[in-house]
Structure formats: structure tokens, C-alpha cells
Amino acid sequence: MGTSYRRWMGRGSAVAKIIGKNVQTIQRFATTVNMWVFEEMVNGRKLTEILNQDHENVKYLPGYKLPENVVAIPDVKDAVRGADLLIFVVPHQFIRRLCDEIVDQVAQNALALSLIKGIDEGPEGLKLISDIIREKMKIDVSVLMGANIANEVAADKFCETTIGSKIVQNGNIFKELLQTSNFRITVVEDADTVELCGALKNIVAVGAGFCDGLRCGDNTKAAVIRLGLMEMIAFAKLFCKGTVSVATFLESCGIADVITTCYGGRNRKIAEAFVKTGKTIEQLEKEMLNGQKLQGPQTSAEVHLILKQKALVDKFPLFTAVYRICYEGKPVEELIVCLQSHPEHM
């Protein structure tokens, strides 16, 4: 079974490290893992050259060796040609163009797994990234979301994650491909909720970072986490197709990922710096993330547009406060005002 892996930054390399090791011993999978890499120069060398010769992503996941059977390929069509297992790890704003490029290159019976944490707003409102892939590629798409900070996964520290799959047996194929003794996977059918959790938790993490920047303390931050989770559940119930199981929010994709991101993720870190330095989100992305785009503010903007279309802005005060602070120049203290007047307290 061919495995094509396209990566984005450290997360992609961390997962490629797992897959590369697993396929050496699981006979049903091909032993070579193709990893599409957006080519760039690092210290005078091509990144693909560094990956294929030194077996390390020195820019985005330094200090962790990749198995030698992980092959970095700069041309996405070459990377995916003939593959029947695809793993998507790219910024969500690029997904439509990427699918258009590769749709004719993959096997007709291919299966996909998306690790992309974002949503898109379409003419009809909410659009999940997995739906975009499914419609453009005409293949089944599962999603993987959870408390999985890339460098900890690469360091083989114990963590859990969740695969959401509308066809459970397909989710189980990816579980077999990815699971290790320290990377434990649960497969659930509530795929849309799993995917929404991966996007919405980044908004909550921005709120948590604002809290840290204001030095509000752990009690206030706990309130941000709880109220943020309540808004995540409410949003899922309003916008997910089919039944939403609240139990899904108790999986790694839900409360665990919210906690991890609110204490250790980049959205929290940048939001704290936003308060303390007075710099813009764009400036901080350049200085602290090597120019990578932060998902939390972007997702808050997409969610705000959807809520505005549905006249539901007032029903999601935490999501709305994060958006207004990031994009409308509102003072960060508006976050505290939102907590004080949140309908969950009324």
C-alpha cells in the first residue's frame, strides 16, 4: 500500500517520523514514505537535500532524526503519484489549490487523513476542510486531531489523539499506520465534531494567551477554558451535519487539546506577547514563528463571518471578543468584560 505524505512545518515531520518507523515493520504498507516539502534554502542548502542527506528537518523540527525511508520530494505531483494513502498537513488556505494539482495523480481508491486545523467560510456558511478535500478528490477523508504538540510527539513522549472517520474501518487503517506505544489513537464516528474541535480550540488558546498577558492568573484562565469549551460545543451543535456527541469533547481532540493549547501552544504564546509587547499579530508571526501564520486569529475571523451571516454573534461572546481584539483594535481587557457578562454566568 503506497503512502504519500505531504508535510507542513514541524507537525508534518513529527508524523512522518512515526510513519517511517511503523512501515518498516507493518507488512501491509509500502516501506517508503514520500513527503512533499515546499522547497526553500536553509543555510545555503535546499531543505529537501538536508532532509534526504541528514534526515532532519533542521528548520521546523530540529534535533530529531527522521527514518531514512522518509523521502523528501519538492514536486507535489511526484510525491503523490500513484499513492493510495494521503495525509494532508498544510495551512488550510492552500487546500483547494493543492487538491486541484494532485487530483489526477492518486489512486482512484485512495484514502485521506487530514491533520489540518481550520475551517473555511463558503457561500452557504461553514465549510470543513475535509469536505473540501472530499469534494475535490472524490475520496473518503478521515481527520486526526488531539493534544499533540509536534516536538513532544517527535520526542516520543506519551500522548493521545483522536481520529474521526465517517467510515470507521478507514479510520482504523490510519490508526494502524500511526499508532505506537506512546502515540495512542481512538477512532470515533463523529468526524465533523473532531475536526471542528481542532479549529475552534485555537480561538480559545488565543483568549488564554490574552489572559496570561494580562497576568490574570490560573482561575481566570480556567474560566476561559471552560467557557471556550462551552462555545465550542454550542457551535458544533449549530453547524455540524448530523448528531453531535458531547462525549467527543471528552476525547483528546476536545478537552485535552484545549488544555494543551491553552498552556503550551503557539497561539497562547503569541497572544501573550501581543499583550505584553503591543506589536501586531503579523509582526509577532515574523519574529517568533519564522513567518508561519497563526491559526487562532484566522479561525476567529472565519467563525465571526459565519456567526454574522447567521445573526448569532451575541451567542458566542468569547469567540467574538478574540476576533475584535485581533482585528478591530479593541482593548485586550474586553476579554475580561466578556467573561463577566458571559451568558453561562446568568
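Quick caveat, the model's predicted, so the values are computed rather than measured. What's counted below: heavy atoms across the whole structure, side chains too, no hydrogens, waters or symmetry copies.
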To the nearest 0.5 Å, what is the distance between [atom1] on [X] and [atom2] on [Y]?
{"X": "Q105", "Y": "I102", "atom1": "CD", "atom2": "CD1", "answer": "8.5 Å"}
{"X": "T320", "Y": "K308", "atom1": "OG1", "atom2": "NZ", "answer": "11.0 Å"}
{"X": "S13", "Y": "Y60", "atom1": "OG", "atom2": "OH", "answer": "10.0 Å"}
{"X": "K46", "Y": "Q53", "atom1": "NZ", "atom2": "CD", "answer": "11.0 Å"}
{"X": "I133", "Y": "S142", "atom1": "CD1", "atom2": "OG", "answer": "10.5 Å"}
{"X": "K279", "Y": "K286", "atom1": "NZ", "atom2": "NZ", "answer": "12.0 Å"}

For residues [X] and [Y], determine if any side-chain heavy atom of one lies less than 4.5 Å from a side-chain heavy atom of the other.
{"X": "Q283", "Y": "T277", "result": "no"}
{"X": "V90", "Y": "I95", "result": "yes"}
{"X": "M35", "Y": "I19", "result": "no"}
{"X": "E344", "Y": "E231", "result": "no"}
{"X": "C197", "Y": "M145", "result": "no"}
{"X": "K117", "Y": "D257", "result": "yes"}
{"X": "Y64", "Y": "N151", "result": "yes"}
{"X": "L113", "Y": "L178", "result": "yes"}

Provide the closest heavy-atom pair for [X] versus [Y] in the form atom of the first, atom of the second, distance.
{"X": "P67", "Y": "K17", "result": "CG-O, 3.6 Å"}
{"X": "I73", "Y": "T48", "result": "C-CG2, 4.3 Å"}
{"X": "I129", "Y": "G118", "result": "CG1-O, 3.2 Å"}
{"X": "L111", "Y": "I139", "result": "C-CD1, 4.5 Å"}
{"X": "P297", "Y": "N267", "result": "CD-OD1, 3.9 Å"}
{"X": "F88", "Y": "A112", "result": "CE1-CB, 3.8 Å"}

T161 versus N148, side-chain donor and acceptor atoms under 3.5 Å: yes
Distance-only donor-acceptor check, side chains E251 and T162, under 3.5 Å: no
Can you get from [X] to [Y] by hopping between Ile, Leu, Val, Met, Phe, Trp and Tyr side chains that sit under 4.5 Å apart?
{"X": "I336", "Y": "F319", "answer": "yes"}
{"X": "V303", "Y": "L335", "answer": "yes"}
{"X": "F274", "Y": "Y263", "answer": "yes"}
{"X": "I149", "Y": "V204", "answer": "no"}
{"X": "I18", "Y": "V71", "answer": "no"}

For the backbone of [Y] and the side chain of [X], can you confirm whether one donor and one acceptor N or O come within less than 3.5 Å of each other?
{"X": "T25", "Y": "N22", "answer": "yes"}
{"X": "W36", "Y": "A72", "answer": "no"}
{"X": "N69", "Y": "G20", "answer": "yes"}
{"X": "T260", "Y": "A147", "answer": "no"}
{"X": "R324", "Y": "E334", "answer": "no"}
{"X": "D190", "Y": "S245", "answer": "yes"}
{"X": "K127", "Y": "D120", "answer": "no"}
{"X": "R45", "Y": "M41", "answer": "no"}
{"X": "E56", "Y": "I50", "answer": "no"}
{"X": "Q179", "Y": "I185", "answer": "yes"}

Worked check of side-chain contact (heavy atoms from CB on, under 4.5 Å) between V153 and R11: CA-CA 9 Å; V153 173; R11 188 185 310 152; over 6 Å; no
Is it the case that more than 12 heavy atoms not belonging to [X] sit under 6.0 Å from its [atom1] atom?
{"X": "K166", "atom1": "NZ", "value": "yes"}
{"X": "N219", "atom1": "CG", "value": "no"}
{"X": "E328", "atom1": "CD", "value": "yes"}
{"X": "K276", "atom1": "NZ", "value": "yes"}
{"X": "E39", "atom1": "CD", "value": "yes"}
{"X": "K65", "atom1": "NZ", "value": "yes"}

Sole residue of V187, V143, L85 in side chain to side chain contact (heavy atoms under 4.5 Å, CB included) with F174: L85
Pair F239-L312, side-chain contact (heavy atoms from CB on, under 4.5 Å): steps then yes or no: CA-CA 12 Å; F239 292 100; L312 291 170; 4.2 Å; yes
Short N-O contact, D156 and K21, less than 4.0 angstrom: no
Basic-acidic side-chain contact under 4.0 Å: R97, D100: no
Parallel, tilted or perpendicular: ring planes of H304 versus Y323, cut at 30 and 60 degrees: parallel
Worked verdict on V244 versus I233 for side-chain contact (heavy atoms from CB on, under 4.5 Å): CA-CA 9 Å; V244 171; I233 294 171; 5.8 Å; no
Pairs where residues 206-217 contributes a residue and the test side chain to side chain donor-acceptor pair (under 3.5 Å) is met, not counting sequence neighbours: D212-K221, D212-R268
Pair T299-N202, side-chain hydrogen bond (donor to acceptor under 3.5 Å, both in side chains): steps then yes or no: CA-CA 8 Å; T299 303; N202 285 325; 5.2 Å; no
Candidate pair V224 and C262, rule side-chain contact (heavy atoms from CB on, under 4.5 Å), full reasoning: CA-CA 9 Å; V224 169; C262 286; 5.6 Å; no
